[in-house]
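For reference, the structure discussed in these notes is given below.
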Amino acid sequence: MAKERTYIMLKPDCVKRGLIGKVIARIEEKGYTISNMKMMNLDEKILREHYAHLVDRPFFPEIVSYMTSGPVVGMIVEGENAVKGMRIIMGATKFEEATAGTIRGDFAMKTTENIIHGSDSPENGEIEIKRFFGENA
Ligand code: UDP
Ligand code: MG
């Protein structure tokens, strides 16, 4: 295990439902450090990069419409094993598999509107941090 950085993003449903504080509390209670954070509005161009693995899926237009429906909060989260650790406290992608006690399991009832994004590998974490916070982040 190593100290890692991961890109975390609180999605529009998290912001609209007033859950920013609750989700951040879980990240901090776990022991991770939030080293940078900003609110922003995404466009289709950046979503096509960020979700490049999904652009050909039939539900991609739904993702774009959801992710552009309001502001998101992007964060750099740091700590031991932060990439995998955040995925554990986030919960599974499919809403029916996200167990109680996880962020998605406790706060989401849909697969698309699922509160939070977290990088899936340390390499992708660094790519995503640069995508949203710039080359020098
Ligand atoms: N998504 C969806 N339907 C699916 C799979 C994914 O709407 O069948 C959305 C969902 O919001 C998910 C995002 O696309 O969080 C990215 O999918 P990925 O497979 O990368 O899941 P994640 O890494 O977010 O768990
Ligand atoms: Mg993913």
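Whatever order the structure lists ligands and atoms in, that order sets their numbers, starting from 1.
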Original post:
Any non-hydrogen atom of Asp120 lying under 4.0 Å from ligand 1?
Top reply: no
Original post:
Tyr7 versus Ile127: any side-chain heavy-atom pair under 4.5 Å?
Top reply: no
Original post:
Is Met67 touching ligand 1 with its side chain, its backbone, both, or neither, if touching means heavy atoms under 4.0 Å apart?
Top reply: neither
Original post:
Would you say Arg87 has any N or O atom under 3.5 Å from an N or O of ligand 1, going by distance alone?
Top reply: yes
Subject >> Non-hydrogen side-chain atoms of Arg5 and Ser35 separated by less than 4.5 Å >> reply: no
Subject >> Within-4.5 Å side-chain heavy-atom neighbours: Phe132 and Met40 >> reply: yes
**OP:** Give the contacting part of Lys94 toward ligand 1: side chain, backbone, both or neither, where contact means a heavy-atom distance below 4.0 Å.
**Re:** neither
Subject >> Numbering as shown, the atoms of ligand 1 that approach Leu54 to under 4.0 Å (heavy-atom distance) >> reply: 14 (O), 16 (C), 17 (O)
Subject >> Where ligand 1 meets Thr111 - atom numbers and elements under 4.0 angstrom, heavy-atom basis >> reply: 2 (C), 3 (N), 4 (C), 10 (C), 11 (O)
Original post:
Counting each atom of ligand 1 from 1 as listed, which ones have a heavy atom of His53 under 4.0 Å away?
Top reply: 18 (P), 20 (O)
Original post:
When you measure from the centre of the six-membered ring of Tyr66, is the NZ or CZ of Lys11 under 6.0 Å away and within 45° of the axis?
Top reply: no
Original post:
Is there side-chain contact between Met90 and Thr102, with heavy atoms separated by less than 4.5 Å?
Top reply: no
**OP:** Quick one: look up the protein heavy atom nearest atom 24 (O) of ligand 1 and list residue, atom name and how far away it is.
**Re:** Arg104 NH2, 3.0 Å
Original post:
Quick one: are Asp13 and Lys110 in side-chain contact, heavy atoms under 4.5 Å?
Top reply: no
Original post:
Met90: heavy atom below 4.0 Å from ligand 1, yes or no?
Top reply: no
Subject >> ligand 1 atoms in contact with Tyr51 (distance to a heavy atom under 4.0 Å) >> reply: 13 (C), 16 (C)
**OP:** Decide yes or no for Met75 and Ile27: does some side-chain heavy atom of the first lie under 4.5 Å from some side-chain heavy atom of the second?
**Re:** yes
Subject >> Whether His50 lies under 4.0 Å from ligand 1, heavy atom >> reply: no
Original post:
Would you say Ile76 and Met9 are hydrophobically clustered, going by side-chain heavy atoms of ILVMFWY under 4.5 Å?
Top reply: yes
Subject >> Proximal candidate to atom 7 (O) of ligand 1 [heavy atom criterion; set Ile116, Asn124, Ile115, Thr112] >> reply: Thr112
**OP:** Check if Lys110 has a non-hydrogen atom at a distance under 4.0 Å from any atom of ligand 1.
**Re:** no
Original post:
What part of Tyr66 sits under 4.0 Å from ligand 1 if we count only heavy atoms: the side chain, the backbone, both or neither?
Top reply: neither
Subject >> Lys22 atom NZ, over 12 foreign heavy atoms within 6.0 Å >> reply: no
Original post:
So which protein heavy atom does atom 9 (C) of ligand 1 come closest to, and at what separation?
Top reply: Ile63 CD1, 3.6 Å
Original post:
Can an N or O of Asn114 be found at a distance shorter than 3.5 Å from an N or O of ligand 1?
Top reply: yes
Original post:
With a 4.5 Å heavy-atom cut-off, do Asp56 and Phe60 have their side chains touching?
Top reply: no
Original post:
What do you reckon, does Glu113 have a nitrogen or oxygen under 3.5 Å from a nitrogen or oxygen of ligand 1?
Top reply: no
**OP:** Could you pull out, from Phe59, Phe60, Phe95, the option with a heavy atom nearest to atom 2 (C) of ligand 1?
**Re:** Phe59
Subject >> Atom of Ile115, atom of Ala108 and distance for their closest heavy-atom approach >> reply: CG1-CB, 4.0 Å
Original post:
Is any N or O atom of Thr93, backbone or side chain, closer than 3.5 Å to an N or O atom of ligand 1?
Top reply: yes
Original post:
What atoms of ligand 1 come closer than 4.0 angstrom to any heavy atom of Lys11?
Top reply: 11 (O), 12 (C), 15 (O)
Original post:
In terms of hydrophobic clustering (I, L, V, M, F, W, Y; side-chain heavy atoms under 4.5 Å; direct or indirect links), are Met86 and Ile34 co-clustered?
Top reply: yes
